[in-house]
2 protein chains.
Amino acid sequence: MARPRSIPASANSQRTTYHHGDLKRALTGAALQLVQEKGPKGFTLREVARRAGVSAAAPYRHFADKAQLLAAVATQGFVQLHETLDATVAAHSDLSEQALAMGKAYVRWAVSHPDYYQVMFGTELDKTESPEVVLAGARAFEDLLDTIKRCQETGLIPAGDPRETAGPIWSLLHGISMLTIGSDLTHVGIREDTEALTERSLRQLLF
Amino acid sequence: MARPRSIPASANSQRTTYHHGDLKRALTGAALQLVQEKGPKGFTLREVARRAGVSAAAPYRHFADKAQLLAAVATQGFVQLHETLDATVAAHSDLSEQALAMGKAYVRWAVSHPDYYQVMFGTELDKTESPEVVLAGARAFEDLLDTIKRCQETGLIPAGDPRETAGPIWSLLHGISMLTIGSDLTHVGIREDTEALTERSLRQLLF
DNA sequence: ACCTGAACACCGTTCAAGT
DNA sequence: ACCTGAACACCGTTCAAGT
């Protein structure tokens, strides 16, 4: 007979061993999938456990509670957003173009990942209980800050604490994202293309 | 003996009659209170029923489901916001002051009623299922639109469809409100006073 | 016409017990 | 060390039955 601790089954296949092997990863994977399928409302811990092929109690070995699992989803979201913004910075050498492209990339990512975005900024998440989320969020925010700094260095926008420029900009981008995701803009008769609205607003705020 | 349908007890006192008399009003009242006490997360239909002194099934005579009761809360919120904005319009004859005051009043209301605001724009609410909420929201939005129109008439801001100006403005105000309620601005080191941030951003966007 | 009681199918969470 | 089974205290929702 082989050694008692056999190679763990993958997340998708039937498990033959009593121990899962990599349950934490399997759970966050299932959670990521579930949020995208059913949205933040339909997200339940038991369903996540079911999809990972374990009992309802098993997740508690790896996450303190449901909020902590949602925090993992939110963290992943911020990482993705960060990568998207990073790629946008790299793709534009012209600074005023870069600034506009960043804003548009932010909103585009939010609108194309509405469920992630709602978890990242929704009410289910208690950020005081999950500093990792705040950290991941700060990293995404720094992309914004960096672009603003570069714009200041070349004199494109006035010098000063970049946070003073970032406040209005981030608020604007977040507002456009949220109101678009919730269809609130169209509900009051604003049917302007999201991309166009973003660019127009950013120009007004920046230059 | 008096008539069989006796005078109904008030919402707060013990009910002596089998029929409540004004359960719908009592339920929305309890809902309003509960949201402010426990936030959108702690809001349950059974607790609302308990506070109104009826069985868990009773609300279903007056609301199709939990979302419809939340819609009533959101509608109330939009009515309150509308009244606040109205009062602000009335209080300022100078138009550029009025525009700035409106924005600040919007954010101030949102930040001082975080639970309402989160219900009004949160994920629990399905606006396609409750047109009353959309209508109440549109009425609040029209205050914004009216002020913009007046600013256009006096040449304070360029003429055109007022919605084109309202889009960026509303997005900004909503973003500031949401990021402030969620403490997201402070989490990334932006500690500027909310009022100041609002005024500064609005000036940049408008004038 | 309006409300209750009991029931159903779910939750999140805990904990002794299994491997 | 990690997972299960059963249990607890809740939910939202339905429906026959009461008044």
Side-chain angles (χ1 to χ4, degrees), chain A residues 1-9 11 14-28 30-31 34-35 38-73 123-126 129, chain B residues 1-9 11 14-28 30-31 34-35 38-73 123-126 129:
Chain A
M1 215 93 79
R3 294 183 293 152
R5 17 188 165 78
S6 60
I7 293 139
Q14 304 285 9
R15 194 158 32 103
T16 53
T17 55
Y18 188 83
H19 287 66
H20 186 284
D22 199 6
L23 182 54
K24 183 159 187 174
R25 194 178 307 277
L27 287 169
T28 57
L34 185 56
V35 163
K38 312 233 176 165
K41 290 175 62 179
F43 182 91
T44 73
L45 205 46
R46 288 181 106 109
E47 175 67 18
V48 171
R50 239 173 265 132
R51 291 188 179 209
V54 293
S55 76
Y60 287 89
R61 288 288 130 189
H62 304 277
F63 298 95
D65 53 23
K66 187 188 175 184
Q68 289 294 319
L69 184 49
L70 263 170
V73 174
T123 196
E124 304 88 348
L125 201 64
D126 184 7
E129 298 288 317
Chain B
M1 215 94 76
R3 294 184 293 153
R5 18 189 165 78
S6 59
I7 292 139
Q14 304 285 10
R15 194 158 34 102
T16 52
T17 55
Y18 188 82
H19 287 65
H20 186 284
D22 200 6
L23 183 53
K24 184 158 187 176
R25 193 177 307 276
L27 286 170
T28 57
L34 185 57
V35 164
K38 312 233 175 165
K41 290 175 63 179
F43 182 92
T44 73
L45 205 47
R46 288 182 106 109
E47 174 68 18
V48 171
R50 240 173 264 132
R51 292 189 178 209
V54 294
S55 76
Y60 287 89
R61 288 289 129 189
H62 302 277
F63 297 96
D65 52 24
K66 188 189 174 184
Q68 290 294 319
L69 184 49
L70 264 170
V73 173
T123 195
E124 303 89 348
L125 200 65
D126 185 7
E129 298 289 316

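Each chain gets a letter, A, B and so on, in the order its sequence line appears, and its residues count up from 1.
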For this session: For Glu47(A), enumerate each residue passing the side chain to side chain donor-acceptor pair (under 3.5 Å) test, keeping only those at least two apart in sequence or located in another chain.
Result: Arg50(A), Arg51(A)

For this session: Round to a whole Å and report the spacing from CG of Leu27(A) to P of dC2(D).
Result: 13 Å

Exercise. Pairs counted as Watson-Crick or G-U wobble with both distances under 3.5 Å: what dot-bracket string results for DNA chain D, using | for bases tied to another strand?
Worked result: ||.|||||...|||||.||

For this session: Return the value, rounded to whole Å, for the distance between atom NZ of Lys24(A) and atom C1' of dA1(D).
Result: 15 Å

For this session: Have a look at Pro59(A) and tell me which of Leu27(A), Leu69(A), Asp65(A), Val48(A) forms a side-chain contact (heavy atoms from CB on, under 4.5 Å) with it.
Result: Leu27(A)

Exercise. If you take all heavy atoms of Ala67(A) and Glu124(A), which pair is closest and at what distance?
Worked result: CB-O, 4.4 Å

Problem set entry | Sugar-phosphate or base contact per nucleotide [nucleotides 6-14 of chain C; S, B, -; heavy atom under 4.0 Å] | -B---BBBB

Problem set entry | Rounded distance [0.5 Å steps], CG in Asp126(A) versus CG in Leu70(A) | 11.5 Å

Exercise. Can Lys38(B) be said to sit on top of Phe43(B)'s aromatic six-ring, NZ or CZ under 6.0 Å from centre and within 45° of the ring axis?
Worked result: no

Problem set entry | Value rounded to 0.5 Å, distance of CZ in Phe63(A) from OG1 in Thr28(A) | 5.5 Å

Exercise. Got a donor-acceptor contact below 3.5 angstrom from the Gln68(A) side chain to the Glu129(A) backbone?
Worked result: yes

Exercise. Any side-chain heavy atom of His62(A) within less than 4.5 Å of one from Leu23(A)?
Worked result: yes

